Amino acid sequence: MAATTTDASPKFRHVPQPSDYRPEISVNSSHDGLEFWQFMIAGSIAGSVEHMAMFPVDTLKTRMQVIGGSYPAPSIGLRQVLGSLLKVEGPAGLYRGIAAMGLGAGPSHAVYFSVYELCKDYFSAGNPNNSAAHAVSGVFATVASDSVITPMDMVKQRLQLKSTPYKGVVDCVKRVLVEEGIQAFYASYRTTVVMNAPFTAVHFATYEAAKRGLTEVSPENADDEKLVVHATAGAVAGALSAAVTTPLDVVKTQLQCQGVCGCDRFSSGSIRDVIKTVVKKDGYSGLMRGWIPRMLFHAPAAAICWSTYEAAKAFFEELNGRSN
């Protein structure tokens, strides 16, 4: 009788793959699966919407920070500044300089958010709850974006001044170049970076922590309440970081508006010299001038910015999902 041989090796059945199967495609969830240019577009949209929506409040903040010029500033509140502006200049006065911000906000926020996302992906090392990584990424983002926004921010603030001598953005740029040189556009860059580095570190760390905390309150409704979470976390982060950095914002405004409409002119761009001048003239309270409109600006502005940014990211994620 012939011996029968049994093949004990396992049998595998070939499973055909769908025609659109792409084994080489992988998505890094910590980086949201977006391309660099998509972060730039999302950031540009968010920054433009934020600054255009809140521009009148920014105008009031600038006016309050330069009240009195070279003389001691009188005690004037936000309501008085608003009433005086509307009476003399009308509602259009609240929007003077908005064209300069429109030119600077989009590009600077494109740089801001794209650098932040790339740095966050690198520094977090796979841990999406790493607050230190969020703070450090925010600092890198602000150093890069401030180099883009500072010149237009200077033009914007000079146009916001009462009785400004400039007719518009082009006139301001031309006259500053001829009368003060190109360095005038970056007179406040060092102060801006020194201010925005802690501002951004506090902002991003607070935003990520608040967003995580709000999501954990009702995780089962996280998707339905996503917009509310982003807006609330952004508002908290914006208000806190604005309050902490108001003294440096006063220094920045003084440097950008120096020599215009009676404002002091400084022989150097030293932060210490400006602080000494402000304290000597108005006391330490002078360093907090405009803190109320600054917080009123940054709380809703951050809410608008973050919710717009996250909505734009969600759009691109869905778009990428369809194409893949």
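No experiment lies behind these values; they were computed from the predicted model shown.
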Practice problem: Answer yes if the ring centres of His298 and His203 are under 6.0 angstrom apart, and no otherwise. | Solution: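 His298 vs His203: aromatic centres not under 6.0 Å.
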[atom1] of [X] to [atom2] of [Y]: how many Å apart, nearest 0.5 Å?
| X | Y | atom1 | atom2 | answer |
| --- | --- | --- | --- | --- |
| Tyr207 | Leu240 | OH | CG | 15.5 Å |
| Gln65 | Gln160 | CD | CD | 10.0 Å |
| Asp264 | Thr277 | CG | OG1 | 6.0 Å |
| Tyr186 | Leu255 | OH | CG | 15.5 Å |
| Glu50 | Thr308 | CD | OG1 | 8.5 Å |
| Ile98 | Leu103 | CD1 | CG | 11.0 Å |

Might you point out which heavy atoms bring [X] and [Y] nearest each other, and give the distance in Å?
| X | Y | answer |
| --- | --- | --- |
| Leu82 | Leu60 | CA-CD2, 3.9 Å |
| Val194 | Leu248 | O-CD1, 3.8 Å |
| Cys305 | Ala46 | O-CB, 3.4 Å |
| Val260 | Pro165 | CG1-CD, 3.7 Å |
| Leu159 | Arg96 | O-NE, 2.9 Å |
| Met295 | Ala243 | SD-CB, 3.8 Å |

Please confirm whether the backbone N or O of [Y] pairs with a side-chain atom of [X], one donor and one acceptor, at under 3.5 Å?
| X | Y | answer |
| --- | --- | --- |
| Asn130 | Ala133 | yes |
| Ser307 | Ile304 | yes |
| Thr232 | Val229 | no |
| Glu318 | Phe315 | no |
| Gln80 | Gly77 | yes |
| Gln254 | Val278 | no |
| Ser44 | Met40 | no |
| Ser108 | Ala105 | yes |

Electrostatic pair [X]-[Y], nearest N-O below 4.0 angstrom:
| X | Y | value |
| --- | --- | --- |
| Lys120 | Glu208 | yes |
| Glu179 | Arg158 | no |
| Arg294 | Asp58 | no |
| Lys162 | Glu89 | no |
| Lys252 | Asp249 | yes |
| Asp273 | Lys276 | no |

When you compare the side chains of [X] and [Y], does any donor N or O come within less than 3.5 Å of an acceptor on the partner?
| X | Y | answer |
| --- | --- | --- |
| Tyr309 | Glu117 | yes |
| Gln157 | Thr253 | yes |
| Asp153 | Gln256 | yes |
| Asp146 | Thr142 | yes |

Side-chain contact, heavy-atom cut-off 4.5 Å: [X] with [Y]?
| X | Y | value |
| --- | --- | --- |
| Arg289 | Asp282 | yes |
| Val111 | Pro107 | no |
| Leu161 | Cys257 | yes |
| His51 | His109 | yes |
| Ile149 | Thr192 | no |
| Phe185 | Val176 | yes |
| Gln38 | Lys313 | no |
| Thr150 | Ser188 | yes |

When hydrophobic residues are tied together by side-chain contacts of less than 4.5 Å, even through go-betweens, does [X] share a cluster with [Y]?
| X | Y | value |
| --- | --- | --- |
| Val250 | Met288 | no |
| Val202 | Val136 | no |
| Phe297 | Met101 | yes |
| Met195 | Leu287 | yes |
| Met64 | Met54 | yes |

Quiz item: Going through the checks in order, is the side chain to side chain contact (heavy atoms under 4.5 Å, CB included) test met by Val251 and Ile275?
Solution: CA-CA 7 Å; Val251 173; Ile275 290 176; 3.7 Å; yes
Exercise. Please test Val143 against Tyr189 for side chain to side chain contact (heavy atoms under 4.5 Å, CB included), starting from the C-alpha separation and ending with a verdict.
Key: CA-CA 9 Å; Val143 170; Tyr189 178 67; 4.0 Å; yes
Practice problem: Please report the C-alpha distance between Phe140 and Tyr116 in whole Å, then the side-chain angles of each, then the deciding distance to 0.1 Å, and finally whether the ring-ring contact (aromatic ring centres under 6.0 Å, His included) criterion is met. | Solution: CA-CA 7 Å; Phe140 275 93; Tyr116 171 71; over 10 Å; no
Self-check item: For Phe113, the option from Phe39, Trp37, Phe36, Trp306 that meets ring-ring contact (aromatic ring centres under 6.0 Å, His included)
Solution: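 Between Phe113 and the candidates, ring-ring contact (aromatic ring centres under 6.0 Å, His included) is satisfied uniquely by Trp306.
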Self-check item: Worked check of side chain to side chain contact (heavy atoms under 4.5 Å, CB included) between Glu35 and Phe316
Solution: CA-CA 9 Å; Glu35 300 292 336; Phe316 283 123; over 6 Å; no
Quiz prompt | Derivation and outcome, side chain to side chain contact (heavy atoms under 4.5 Å, CB included), residues Tyr95 and Thr59 | solution = CA-CA 7 Å; Tyr95 291 92; Thr59 298; over 6 Å; no
